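Notes follow the structure.
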There are 2 protein chains.
Amino acid sequence: MEKVISILRSHQIQPTPQRIATAKAVFDTRTHPSADEVWEKVKRDYPTVSRATVYNTLNLLVNKGVLKTQILREGKVVFDPCIEPHHHFIDDETGEIHDVPWDALQVKGEDSLKDYKVREYQVVMRGCKKKQ
Amino acid sequence: MEKVISILRSHQIQPTPQRIATAKAVFDTRTHPSADEVWEKVKRDYPTVSRATVYNTLNLLVNKGVLKTQILREGKVVFDPCIEPHHHFIDDETGEIHDVPWDALQVKGEDSLKDYKVREYQVVMRGCKKKQ
DNA sequence: ATAGCAATTTATACTATGTCTAATATTATA
DNA sequence: TATAATATTAGACATAGTATAAATTGCTAT
């Protein structure tokens with residue numbers, strides 16, 4: 001709670017109750033929620049918060065560099081509180097998105113791409129989780 | 001034209017005029033069009049073809065393995081006539097999606113992912129094209 | 001050829017994601 | 001406190017995609 005407020009303050013974002021609740025909803029999860037999923041979560045605690053405010057807040061957090069968007073699920077942008085580089089694994093059956101640590105994979109050959117200036121990259125994997 | 005018809009036939013798809021026009025529109029391009037972009041293209045030649053038919057046909061082609069969908073652009077599924085494994089580069093400025101040959105990059109370390117059975121993967125890069 | 005059945009196409013309604021706007025409410029500051 | 005700047009809200013709007021039911025087309029057997 002305190003932590004969320006200080007994150008907002010340190011990015012020059014006024015920590016209003018709506019914004020605190022929205023930010024907390026995204027940070028308090030390992031899932032990669034869509035905007036409407038965040039809204040649902042916020043409404044459980046603060047039923048009067050409007051959809052537009054949640055969308056505005058999420059976009060604000062992205063623009064200020066607090067969150068990143070990922071285009072990994074059909075027809076939906078999802079929000080990722082981890083802004084450090086990492087890879088993604090998407091479960092074919094459940095659609096769940098899992099973060100894969102950056103160091104787990106090494107990509108070689110980037111220098112052969114003479115035509116492109118690569119700003120960022122990630123490996124996107126699809127498959128299923130192994131049963132333990 | 002002949003080629004498109006034989007592709008449809010070899011996948012047990014009746015080559016109706018609407019389906020030929022739709023398939024041709026996807027195959028005749030290096031861009032990665034969305035369903036509505038395909039519809040626009042089809043309508044230029046056959047103005048009476050309905051939106052539902054183009055959507056139905058694209059989904060049919062995907063289910064039969066003729067096309068692949070890629071989730072790379074915000075809020076849109078795009079269709080890729082290249083079903084062989086390859087990577088993608090997305091231009092930050094234009095949103096254009098470029099295919100990157102499979103052999104241009106090598107990904108190592110997959111064996112460290114003990115929890116996942118990876119069915120397919122690709123490297124997704126973002127950045128800008130170098131000016132020649 | 002044609003009757004009847006299956007496959008296809010069409011228009012339209014519907015759902016979901018996301019944006020925009022104008023009015024209202026809140027906060028900061030002089 | 002008065003004023004300006006910022007934030008929130010409800011609702012309208014736009015777009016992507018799906019579902020449905022009626023109409024059309026094509027296939028098959030007589």
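In what follows, chains are A, B, ... by sequence order, proteins preceding strands, each numbered from 1. No experiment lies behind these values; they were computed from the predicted model shown.
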Measure the distance from [atom1] on [X] to [atom2] on [N] and round it to the nearest whole Å.
X       : N      : atom1 : atom2 : value
B/Ile13 : D/dC27 : CD1   : P     : 16 Å
A/Ile20 : D/dT8  : CD1   : P     : 10 Å
B/Tyr46 : C/dT10 : OH    : P     : 13 Å
B/Leu58 : C/dT8  : CG    : P     : 15 Å
B/Leu60 : D/dA19 : CG    : C1'   : 17 Å
A/Gln12 : C/dA28 : CD    : P     : 15 Å
B/Glu37 : D/dT15 : CD    : P     : 13 Å
B/Trp39 : D/dT15 : CH2   : P     : 12 Å

Under-4.0 Å side-chain N/O to phosphate OP1/OP2 contact, [X] with [N]:
X       : N      : result
B/Thr16 : C/dT9  : yes
B/Gln14 : D/dT25 : no
B/Arg19 : C/dT9  : yes

_Nucleotide nearest B/Ser50 (side chain, heavy atoms from C-beta), chosen from C/dA28, D/dT9, C/dT10_ = C/dT10
*asked:* What does the B/S/- profile of nucleotides 18-24 of chain C look like, 5' to 3', with a 4.0 Å heavy-atom cutoff to protein?
replied: BBB----
*State plainly whether one hydrophobic cluster holds both B/Val100 and A/Val124, where clusters connect Ile, Leu, Val, Met, Phe, Trp and Tyr through side-chain heavy atoms under 4.5 angstrom apart.*
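As far as the 4.5 Å side-chain criterion goes, A/Val124 and B/Val100 are not connected within one cluster.
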Salt-bridged, [X] to [Y], with N to O below 4.0 Å?
X       : Y       : answer
A/Asp36 : A/Lys76 : no
A/Lys68 : A/Glu84 : no
B/Arg73 : B/Glu96 : no

_side chain to side chain donor-acceptor pair (under 3.5 Å) between B/Tyr116 and A/Asp91, intermediate numbers included_ = CA-CA 9 Å; B/Tyr116 305 122; A/Asp91 193 305; over 6 Å; no
*Looking for any heavy atom pair under 4.0 Å, which part of the strands does A/Thr53 touch: base, sugar-phosphate only, or nothing?*
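Base contact - A/Thr53 has a heavy atom under 4.0 Å of at least one base atom.
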*Do A/His88 and A/Gln122 get their side chains close enough for a donor-acceptor pair, meaning under 3.5 Å?*
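Indeed, the side chains of A/His88 and A/Gln122 share at least one donor-acceptor pair under 3.5 Å.
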*Would you say B/Trp39's side chain and B/Val49's backbone share a donor-acceptor pair under 3.5 angstrom?*
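Yes.
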